[in-house]
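Heads up: the structure comes next, in structure tokens.
Only heavy atoms go into these numbers, but all of them, side chains included; no hydrogens, no water, no symmetry mates. Throughout, a chain's letter reflects where its sequence line sits, starting with A, and its residues are numbered from 1. Being a predicted model, the structure only gives us computed values, none of them experimental.
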Protein chains: 4
Amino acid sequence: MARPTTVARVLAAALDLAERGGPSALTMEGIAAEAGVGKQTLYRTWPSVHAILFDALVTESAAAGASESHATTFDVLQSTIAELTTEPRASLLRKLAAAIHSDEAIARQFHKRLFLPQQEQVSRLVAADGYANPKTATELLLAPLLYRWFLRLPQFTDSELRDHVEKVRHLERLSSTNVSGQYI
Amino acid sequence: MARPTTVARVLAAALDLAERGGPSALTMEGIAAEAGVGKQTLYRTWPSVHAILFDALVTESAAAGASESHATTFDVLQSTIAELTTEPRASLLRKLAAAIHSDEAIARQFHKRLFLPQQEQVSRLVAADGYANPKTATELLLAPLLYRWFLRLPQFTDSELRDHVEKVRHLERLSSTNVSGQYI
Amino acid sequence: MARPTTVARVLAAALDLAERGGPSALTMEGIAAEAGVGKQTLYRTWPSVHAILFDALVTESAAAGASESHATTFDVLQSTIAELTTEPRASLLRKLAAAIHSDEAIARQFHKRLFLPQQEQVSRLVAADGYANPKTATELLLAPLLYRWFLRLPQFTDSELRDHVEKVRHLERLSSTNVSGQYI
Amino acid sequence: MARPTTVARVLAAALDLAERGGPSALTMEGIAAEAGVGKQTLYRTWPSVHAILFDALVTESAAAGASESHATTFDVLQSTIAELTTEPRASLLRKLAAAIHSDEAIARQFHKRLFLPQQEQVSRLVAADGYANPKTATELLLAPLLYRWFLRLPQFTDSELRDHVEKVRHLERLSSTNVSGQYI
DNA sequence: TCTTAAACGAGACGGTACGTCAAGTCTTCGC
DNA sequence: GCGAAGACTTGACGTACCGTCTCGTTTAAGA
């Protein structure tokens with residue numbers, strides 16, 4: 001519907017504002033002004049600021065990430081941390097995260113479009129590593145990262161992250177033992 | 001500064017609105033109208049909606065919780081989940097959580113006034129249980145709960161929660177073994 | 001420039017909208033949508049809504065009126081009233097009348113293309129009736145009609161109109177007497 | 001409701017804009033900006049631009065006119081013409097007149113608050129002059145003035161106006177004769 | 001007991017952003 | 001390659017809250 005150049009200008013403006021003005025600058029009016037675009041053009045294509053942010057994030061991922069194949073669980077988590085803390089992505093994510101708490105639909109979108117891909121990457125590696133319960137292992141691996149990001153605590157350093165991965169690995173080996181006899 | 005009856009009316013109004021209208025109804029104007037109070041009365045006592053919410057949450061805790069002494073780690077986590085999902089507390093927490101993402105000061109307040117008490121309760125029990133690293137154990141226990149709340153995933157059922165606690169307990173026993181030699 | 005079918009569709013759409021939606025529905029966008037035509041097609045042929053309305057009025061006159069030869073002054077005034085009060089012409093005229101007050105050019109067009117013909121028809125009859133001052137007589141005859149239409153007062157009934165015409169006729173006879181001696 | 005100083009600023013701004021920018025500048029946003037006032041302040045007191053214009057006109061009348069007692073019919077009509085042609089009143093009236101054609105409620109307000117007082121002044125003088133039908137005489141006197149204003153024709157000069165008044169006076173004397181026998 | 005200063009309700013105020021509508025211009029694509 | 005469809009910028013609409021600021025009016029304590 002919208003012309004490609006217009007879309008590009010809008011998403012670039014969103015990224016710019018995220019980096020320069022912080023999350024509170026990410027308003028429909030602000031983006032329109034920054035992009036040199038009418039408000040109606042925004043509303044014609046995106047129903048809300050959040051929709052723009054999703055597109056901006058996806059675009060930015062496509063541009064930046066460009067599918068590096070991560071070798072290890074550690075690498076994926078490390079790059080997840082990078083995503084959560086590097087601007088402008090961090091600002092966009094914060095803004096979306098705020099919206100998650102007022103609108104369940106946005107929560108679903110966030111989960112599906114932004115979080116699941118990350119999660120599945122971890123899951124695949126975890127499964128390849130022979131964990132007994134890849135699903136819970138993935139949660140145990142990722143949850144503390146998100147927990148620290150959400151509460152704005154200091155993130156894992158590389159060595160802490162390494163320990164964290166090791167710990168969960170051992171846990172899962174233990175679990176598999178458990179399942180096979182000791183506790184059932 | 002403010003009269004006790006006024007404070008009570010305001011906090012009650014905040015709780016009412018949280019339950020009835022969802023997080024988006026929690027505005028200064030809405031609370032003032034609901035409480036039958038002038039806006040300036042609100043601003044005289046609280047600098048922002050968030051400050052009111054903190055007070056409302058603390059008050060509600062005092063009224064409801066009234067310091068049950070939880071015997072086990074499981075019980076504490078179970079009641080944490082209840083807090084995260086029972087109205088009106090859930091709505092207030094969502095609203096605050098949203099603000100966390102736009103204001104670091106609120107994040108600190110949230111962490112200090114609402115989250116740390118919970119965390120320390122867990123920590124004490126965990127330490128009493130003889131975990132080698134109570135701090136990381138606490139994080140491993142709590143993070144998945146918050147993770148699911150944040151992403152609005154289905155929360156742990158009682159049996160899942162029991163498994164989760166067991167898993168972390170074994171992990172920490174293993175870790176302590178590790179530390180003493182096997183893996184280093 | 002525009003194809004005859006397009007022109008017809010546009011003018012028909014204008015008449016339709018005038019009848020159905022009242023004067024506020026007569027916008028470029030509305031007419032384009034109603035006619036199933038791009039906006040640029042409108043602007044290519046007509047510079048403004050008003051231009052379309054003029055064309056629609058002229059077309060409608062041609063279709064409806066088809067030049068009945070009115071015998072008497074009374075008949076002409078009666079049919080003038082009918083024009084001012086019968087849809088869809090009434091709505092188009094109201095819309096144009098509104099524009100008269102913001103744009104002098106439209107006032108001139110209105111006067112020249114829509115009002116003068118009416119006026120001259122009256123003038124001819126009045127002159128034929130032997131009035132001393134056909135010009136002022138015409139004004140005295142027409143002004144009250146327009147005055148009532150403009151202020152949305154109840155229009156002349158047939159008998160009131162008959163009295164009105166009689167009164168002006170006598171006035172003019174008196175005037176001619178005056179002119180010939182009594183007051184000069 | 002609104003504070004007197006605010007009202008004064010708003011009405012002054014409306015008069016200023018009418019004089020400087022023409023009728024198209026008389027928008028809610030424009031007035032708010034010119035008056036240095038929030039839009040909500042306008043909407044709190046007046047439902048529309050037109051309501052502001054009515055107030056501005058009434059205020060301006062009160063300030064300017066200040067109840068000159070007109071001696072003669074001619075004087076009243078002369079001052080009516082002045083009102084219709086002197087800025088900023090002329091611009092405000094044009095703007096209102098435009099609205100009359102899209103909204104009947106405004107027509108009623110216009111008639112009641114702005115036109116009737118004028119009309120009654122004429123009526124009183126006409127009745128004092130011993131006209132047989134003061135109501136129709138008033139209409140005959142005023143209609144041509146409004147007619148020329150509406151169609152933006154040149155207004156009556158003083159001498160034309162004098163003739164016009166004389167003519168209607170004679171007409172009415174004739175009418176009274178009629179009524180008493182000749183034509184009934 | 002009376003006064004007096006504060007806290008109060010009410011809500012006007014200047015702002016910012018919302019989401020919508022129409023104006024008039026510019027671009028793309030199908031016939 | 002012309003013209004219909006419609007995307008574009010602009011600007012006004014009317015609304016919701018923001019945080020500040022008067023207003024009188026309680027209300028509670030000290031004189």
Which residues share a side-chain contact (heavy atoms from CB on, under 4.5 Å) with [X], sequence neighbours left out:
X: D/Glu83; value: D/Arg89, D/Gln118
X: D/Thr41; value: D/Thr6, D/Val37, D/Arg44
X: C/Ser48; value: C/His50, C/Ala51

Quick one: salt bridge (charged side-chain N to carboxylate O under 4.0 Å, His left out) partners of [X], sequence neighbours excluded?
X: A/Glu87; answer: none
X: A/Glu19; answer: none
X: D/Arg94; answer: none
X: A/Asp55; answer: A/Arg113

- Ordered by number, residues from residues 99-107 of chain C within less than 4.0 Å of DNA chain F (heavy atoms) are none

- Message: Can you list, in residue-number order, the parts of residues 5-21 of chain B that come under 4.0 Å of DNA chain E, counting heavy atoms only?
- Response: B/Thr6, B/Arg9

- Message: Can you tell me if B/Arg44 touches the phosphate of E/dC8, counting only side-chain N or O atoms and a distance under 4.0 Å to OP1 or OP2?
- Response: yes

- Task: Report yes if a side-chain nitrogen or oxygen of D/Thr41 is closer than 4.0 Å to either non-bridging phosphate oxygen (OP1 or OP2) of E/dG14; otherwise report no.
- Result: yes

Whole angstrom value for the distance that separates [atom2] of [N] from [atom1] of [X]:
X: C/Ile31; N: E/dA22; atom1: CD1; atom2: C1'; result: 12 Å
X: A/Glu34; N: E/dA17; atom1: CD; atom2: C1'; result: 17 Å
X: B/Trp46; N: F/dC18; atom1: CH2; atom2: C1'; result: 18 Å

- Note on the structure: Across all chains, not counting sequence neighbours, the ring pair (Phe, Tyr, Trp, His ring centres under 6.0 Å) partners of C/Phe54 are none

- Item | Set of residues satisfying ring pair (Phe, Tyr, Trp, His ring centres under 6.0 Å) with respect to D/Trp149, sequence neighbours excluded | C/His101

- Query: What's the verdict on side chain to side chain contact (heavy atoms under 4.5 Å, CB included) for A/Ile52 and A/Thr45, showing C-alpha distance, side-chain angles and the deciding distance?
  - Reply: CA-CA 9 Å; A/Ile52 299 180; A/Thr45 305; over 6 Å; no

- Please tell me which of B/Val37 and D/Gly36 maps to the more 5' nucleotide of DNA chain E, matching each residue to the nucleotide holding its nearest heavy atom. B/Val37

- Hey, what do you get for CG (C/Leu26) to NZ (C/Lys95), rounding to the nearest 0.5 Å? 5.5 Å

- Task: Would you give a per-nucleotide map of nucleotides 23-31 of chain E, 5' to 3', where B means the base has a protein non-hydrogen atom under 4.0 Å away, S means only the sugar-phosphate does, and - means neither?
- Result: BBBBS----

